[in-house]
Amino acid sequence: MAAPLILEMRDISKSFPGVKALEHVTLEVRQGEIHAICGENGAGKSTLIKVLGGIYPHGSYEGDIVYNGEEVAFKDIRGSEARGIVIIHQELALIPQLSIAENIFLGNEHSTRGVISWNETSKHAAALLRRVGLHENPETRIADLGVGKQQLVEIAKALSKKVELLILDEPTAALNEEDSQKLLGLILELKANGIASVIISHKLNEVAQVADAITILRDGRTIETIRVAKGEVIDEDRIIRGMVGRDLAHRFPERTSTPGETLFAVKNWTVYHPLDQTRKVVDDVSLHVRRGEIVGLAGLIGAGRTELCMSVFGRSYGTHISGQVFKGDKEIHLRTVSDAIKHGIAYVTEDRKRYGLHLIDTISRNVSLAALRKVSEKFVISEREEATSAEGFRKQMNIKARDVATIVGTLSGGNQQKVVLSKWIFTDPDILIIDEPTRGIDIGAKSEIYGILNQLAADEKAVLFISSELPELLGVCDRIYVLSEGRLTGELSRKDATQESLMKLMTMDRGASNVNNVA
């Protein structure tokens, strides 16, 4: 017998000026099940969850929400949380300077007559941390935790509110494989304890691993809900067809690799941590990329991939930096970001919202920011040229926006990523360093970005590509370098690389090295 419904969202419609975000969407979640919501960026997933959580209050949408058999009308987040509905957003809502315990009970303090009992706070926080499998002192600052542990703190915080329905928006997007599996295991444990979960995710292998039901959204509409029989294996291609309305027979577009001479090289590169200047984060790394080549950079979180690339890109990270950078056979000196841009190097950051975009500005302004000289004369910017250039990228990149005057912060994650790419491609780089470009975006947008990288390679650019997804590295790259604890532990050609061989190199001890010269 099927479990009773804990949640029904009936004919939910939500509009914004000029945009119909949701149109008669229906969602049914049963008690104690894990229910996945899949769809491309802009399909309406986050809007639907914000309606449920009271972020978009009752009266701002059409349709009905029934929770535990009772019609509800939440006017704010407090209303939904009081009924046991807790949302953990992709952008974690933790205060870095406060402790774990303070974050867990923020707004829900253990107090008597307005005086907080820190002993009670710490005791209850420790119990919640044990429940989620996090072995940390409750007094530890959030800033001193990795992203994976911060996710567990968010779940502990949800459990402190007596959660009955837990909503997780892209919970593993920023996690490595090990942390992702731990988090999925915890969600399964919560299910065993009767807590229902709704997961929004683009990682279809994880959806197939844990979901009891999958609802697919496309263009603000419900396409179908798939209920998974016990022991059944989900067909990922079926999910993809529902999401994008077409088959993606080749998720990684095919291309013929014909690399030329070495265009970009880093030799004996060493970087120390900006705060702890006794700690090496990049240790004597050397690598090269040829014209027309896409070279991957693999490693676990903390391996030093981002630190390496940011430090090379105009010394944007680190201290006591040493080593050499070459463009062709000529050594170049990149003391600032401006130096890097002048030498034809572009860096697409993994943190598009913090470092890559001005979220409160337009597509047009964001695209031109790194190459204002191309749309200005005598230090005066031509808004017409700026808009014309941005419009070209809007069409070329298939950025889903009404026009280039659209504020970037209103775009979906995948479309924001395309704006960041447009900004750096507009600088006409010879070398593109691209860091986690597909994190948190849908399968359709990923395919488009792979196509853009292939075109850059076809144009004889050099591409250095960081990714935490091993199938992506294997599907896109010609060669792959591997880092572990700041050291280069291996270099594999595409034909020799497997997920197993990469993982072995990614987990190699700091003192070991197994660099194979496949050049």
Side-chain angles (χ1 to χ4, degrees), residues 92 94-103 134-153 174-179 264-288 297-326 331-340 345 347 349-351 354-355 433 435-436 464 466 468 481-491 502-515:
L92 300 181
L94 299 172
I95 299 176
Q97 292 75 24
L98 297 184
S99 70
I100 293 173
E102 289 170 322
N103 271 277
L134 183 56
H135 307 291
E136 294 284 344
N137 187 321
E139 305 307 314
T140 302
R141 290 191 320 154
I142 292 295
D144 298 326
L145 300 178
V147 178
K149 291 181 178 180
Q150 289 184 29
Q151 285 278 15
L152 296 180
V153 172
L175 304 187
N176 61 31
E177 185 68 23
E178 182 181 358
D179 286 340
F264 176 67
V266 176
K267 294 186 178 180
N268 307 119
W269 198 257
T270 298
V271 181
Y272 287 80
H273 194 280
L275 299 179
D276 181 0
Q277 297 184 13
T278 63
R279 177 178 145 214
K280 284 183 184 178
V281 290
V282 179
D283 190 357
D284 196 33
V285 170
S286 298
L287 55 81
H288 69 278
L297 201 55
L300 300 175
I301 291 175
R305 299 167 301 164
T306 295
E307 292 82 355
L308 166 66
C309 292
M310 287 185 68
S311 60
V312 168
F313 187 66
R315 305 193 174 221
S316 302
Y317 174 91
T319 187
H320 301 312
I321 299 170
S322 61
Q324 296 173 288
V325 180
F326 292 85
E331 183 177 1
I332 57 176
H333 301 281
L334 311 176
R335 297 180 181 86
T336 65
V337 170
S338 293
D339 287 344
I345 302 173
Y347 172 62
T349 173
E350 65 172 335
D351 191 344
R354 185 176 180 186
Y355 296 120
I433 304 171
D435 194 347
E436 300 284 8
L464 184 61
I466 299 175
S468 296
Y481 288 102
V482 185
L483 291 180
S484 177
E485 298 183 8
R487 291 188 65 84
L488 191 65
T489 55
E491 176 190 0
L502 289 174
M503 185 57 69
K504 183 177 179 180
L505 292 169
M506 288 161 62
T507 55
M508 190 172 285
D509 290 339
R510 181 177 176 84
S513 181
N514 184 34
V515 180

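Please read all numbers here as calculations on a predicted model, not as lab measurements. Scope of the values below: all heavy atoms of this structure, side chains included, with no hydrogens, waters or symmetry mates.
The shortest heavy-atom contact between Ser311 and Val271 is OG-CG2, 3.4 Å. Of all heavy-atom pairs between Cys309 and Ile433, the closest is SG-CG2, 3.5 Å. Contact record, Ser484 with Leu505: CB-O, 3.7 Å, taken as the closest heavy-atom pair. Nearest approach of Asp435 to Ile466, heavy atoms of both residues: OD1-CG2, 3.4 Å. Closest approach of Pro274 and Gly318 over heavy atoms only: CD-CA, 4.1 Å. Looking at every heavy atom in both residues, Gln277 comes nearest to His320 through OE1-NE2, 3.1 Å.
Taken to the nearest 0.5 Å, the CD atom of Gln151 stands 9.0 Å off from the CG atom of Leu94. To the nearest 0.5 Å, atom CG of residue Asn137 and atom CG of residue Leu134 are 10.5 Å apart. Annotation: the span from Glu307 atom CD to His273 atom NE2 amounts to 7.5 Å, rounded to 0.5 Å. Atoms CG and CE, from Leu483 and Met506 in turn, are 10.0 Å apart once rounded to the nearest 0.5 Å. Here the straight-line distance linking atom CD of Glu139 with atom OG of Ser99 works out to 5.0 Å at 0.5 Å rounding. Put simply, CZ on Arg279 and OG1 on Thr319 are 13.5 Å apart, with the number rounded to the nearest 0.5 Å.
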Working for salt bridge (Lys or Arg N to Asp or Glu O under 4.0 Å), residues Arg305 and Glu436: CA-CA 10 Å; Arg305 299 167 301 164; Glu436 300 284 8; 3.8 Å; yes

Check step by step if side-chain contact (heavy atoms from CB on, under 4.5 Å) holds for Leu502 and Val482. CA-CA 7 Å; Leu502 289 174; Val482 185; 3.7 Å; yes

Take Val281 and Tyr317 through the side-chain contact (heavy atoms from CB on, under 4.5 Å) test and state the conclusion after the steps. CA-CA 10 Å; Val281 290; Tyr317 174 91; 3.8 Å; yes

Gln324 and Val266: CA distance, side-chain angles, deciding distance, side-chain contact (heavy atoms from CB on, under 4.5 Å) verdict: CA-CA 6 Å; Gln324 296 173 288; Val266 176; over 6 Å; no

Chi angles and distances behind the side-chain contact (heavy atoms from CB on, under 4.5 Å) call for Phe264, Ile345: CA-CA 9 Å; Phe264 176 67; Ile345 302 173; 4.1 Å; yes

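Looking at heavy atoms from C-beta onward, Asn268 lies out of side-chain contact with Ser322 at the 4.5 angstrom threshold. No side-chain heavy atom of Arg315 sits less than 4.5 Å from a side-chain heavy atom of Leu334. In this structure, the side chains of Val285 and Tyr481 stay at 4.5 Å or more apart for every pair of heavy atoms. At least one side-chain heavy atom of Leu287 sits under 4.5 Å from a side-chain heavy atom of Leu297.
No side-chain N or O of Thr349 forms a donor-acceptor pair with one of Asp351 less than 3.5 Å apart.
For the side chain to side chain contact (heavy atoms under 4.5 Å, CB included) criterion with Glu136, the lone passing option out of Val153, Asp144, Ile100 is Ile100. A side chain to side chain contact (heavy atoms under 4.5 Å, CB included) with Val312 holds for exactly one of Val325, Ile321, Val282; it is Val325.
Taking the six-membered ring where tryptophan is involved, the planes of Tyr347 and Phe313 are tilted, since the angle between them lies from 30° to 60°.
Under 4.0 Å is where a charged nitrogen must lie from a carboxylate oxygen, and between Glu331 and Lys267 no such pair does.
Side-chain atoms of Asp283 never come within 3.5 Å of backbone atoms of Arg487 as a donor-acceptor pair (strictly under, hydrogens ignored). In this structure, Gln150 contributes its side chain and Leu145 its backbone to a donor-acceptor pair below 3.5 Å. Checking side-chain atoms of Tyr355 against main-chain N and O of Glu350 turns up no donor-acceptor pair under 3.5 Å.
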